[in-house]
Every structure is written in structure tokens, then in C-alpha cells.
Amino acid sequence: MRIEYVEAVLAVVELVPPGTALTYGDVSELLGSGGPRQVGRVMSHCGSFVPWWRVLRSSGHAPDGHEAEALRHYLREGTPLLGHPNEYVRTGEGRWRVDLTAARWSPDDGGHDRIDAIAEHLELRLHRLSVDDDGMSV
DNA sequence: ATTCTGACTTGCT
DNA sequence: AAGCAAGCCAGAA
């Protein structure tokens with residue numbers, strides 16, 4: 001994963017407000033580059049530097065192995081949840097997920113501008129590199 | 001070049 | 001809700 005891509009993903013995730021969330025696929029679409037798996041890869045390696053719990057699977061489930069920690073954040077931030085988070089907290093057995101129809105972040109004008117800037121910057125940097133590489137495939 | 005892998009997604013059972 | 005198959009994009013070996 002190019003460092004340019006990592007920085008762009010992290011920059012977008014930092015914009016996601018408390019109590020809201022995006023899917024991996026959302027992030028890749030906002031960036032206009034890569035795909036959900038690429039975003040997931042970035043988060044698995046560098047997610048600890050940003051509010052990683054605000055990036056979810058399309059199902060609304062938190063990333064495997066991080067459910068408990070993510071749930072603490074959701075309860076504190078008032079993120080809309082579905083299922084039985086309370087039971088999960090008490091017994092560790094209840095099934096739950098983030099209510100994406102309610103929690104999904106839609107960028108306001110300001111956020112849109114910043115995201116556009118990030119996406120554009122990323123595109124420029126990636127394009128410059130690809131040009132350097134072109135024609136030299138030995 | 002080929003194959004395997006993965007904090008993914010969608011569609012179908 | 002859960003499991004599976006395919007499609008997907010890149011990095012690693």
C-alpha cells in the first residue's frame with residue numbers, strides 16, 4: 001500500500017464525527033481509488049491512530065476481534081445501535097450492530113470540500129508516481 | 001508470472 | 001442471522 005493512500009484514508013477517517021460511521025466501501029468511494037479491502041488493509045495496520053471504530057463493515061458489524069472495544073465507543077458516543085448491545089455488555093452473548101441507516105455519516109459542505117481536497121491530492125500524487133513508472137517496465 | 005491472503009461486499013440459501 | 005461463493009483490489013512470497 002502506497003504511503004499516499006494510507007495518509008488519504010486516515011485523513012478521511014479523522015473527519016468522521018462522533019456518533020456516526022462509514023463503511024470501508026464508503027471510504028474507498030469517497031477517495032475514488034482502491035476498494036473496501038484496501039481501506040481495510042490500511043485500518044488493520046494504521047487504524048489505531050484514528051477513530052477506527054467509525055469505519056465498519058457494510059452490515060454494521062464492528063471489525064472481527066474488536067467488537068467489545070468498539071461497543072464501548074458507540075455507547076459513549078451515542079451511536080445508533082440495533083440488536084442487543086446491553087445484553088452483550090452484561091453476558092457477552094447478545095448480537096448487535098451499528099444502525100447504519102441512522103448513523104451513516106453524510107459529509108456537510110465543509111466536509112465535502114475537505115474530502116474533495118484529499119481525494120484530489122491523492123490522485124495527483126498517485127498519478128505522478130504512475131507516470132514515473134510508465135514505460136520502464138523493463 | 002502465479003498464487004495466496006485479507007479489519008471487504010453482494011447475492012443466494 | 002449465518003454460511004458460502006464470487007468478485008474485488010493490492011501486497012507479499
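Just so you know, these numbers come straight off a predicted model, no measurement behind them. Note on naming: letters A, B, ... go to the chains in the order of the sequence lines (proteins, then strands), and numbering restarts at 1 for each one.
Near DNA chain B, meaning a heavy atom under 4.0 Å away, the residues from residues 46-66 of chain A are A:Trp52, A:Leu56, A:Arg57, A:Ser58, A:Pro63. For the contact set between residues 78-89 of chain A and DNA chain B, defined by any heavy atom under 4.0 Å, there are no members. Taking every heavy atom of residues 15-31 of chain A and every atom of DNA chain B, pairs under 4.0 Å involve A:Thr23, A:Tyr24, A:Gly25, by number.
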Between the protein and nucleotides 11-13 of chain C, which nitrogen or oxygen pairs are less than 3.5 angstrom apart?
from, atom 1, to, atom 2, distance (Å)
C:dG11, OP1, A:Met1, N, 2.9
C:dG11, O5', A:Met1, N, 3.2

Please write out each protein N/O paired with an N/O of nucleotides 3-7 of chain C under 3.5 Å, distance rounded to 0.1 Å.
from, atom 1, to, atom 2, distance (Å)
C:dG7, O6, A:Arg37, NH1, 3.4

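Boundaries of the chain A contact region on DNA chain B are B:dG6 to B:dT10, first to last in 5' to 3' order (nucleotide atom under 4.0 Å from a heavy atom).
Every residue two or more places apart in sequence or in another chain was checked for a ring-ring contact (aromatic ring centres under 6.0 Å, His included) with A:His121, and none qualifies. In terms of the salt bridge (Lys or Arg N to Asp or Glu O under 4.0 Å) criterion, A:Arg97 has no residue partners (sequence neighbours excluded).
Residue pairs satisfying the salt bridge (charged side-chain N to carboxylate O under 4.0 Å, His left out) criterion with at least one member in residues 65-94 of chain A, sequence neighbours excluded, are listed as follows: A:Arg54-A:Glu77. Residue pairs meeting the side chain to side chain donor-acceptor pair (under 3.5 Å) criterion with at least one partner in residues 27-41 of chain A, sequence neighbours excluded, are A:Arg41-A:His45. Pairs of residues two or more places apart, or lying in two chains, that qualify as salt bridge (charged side-chain N to carboxylate O under 4.0 Å, His left out) and include a residue from residues 7-22 of chain A are A:Glu7-A:Arg125.
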Sequence neighbours excluded and cut-off under 3.5 Å, please list the side-chain donor-acceptor pairs for residues 105-113 of chain A, or say none.
from, atom 1, to, atom 2, distance (Å)
A:Asp108, OD1, A:Gly110, N, 3.3
A:Asp108, OD1, A:Gly111, N, 2.6

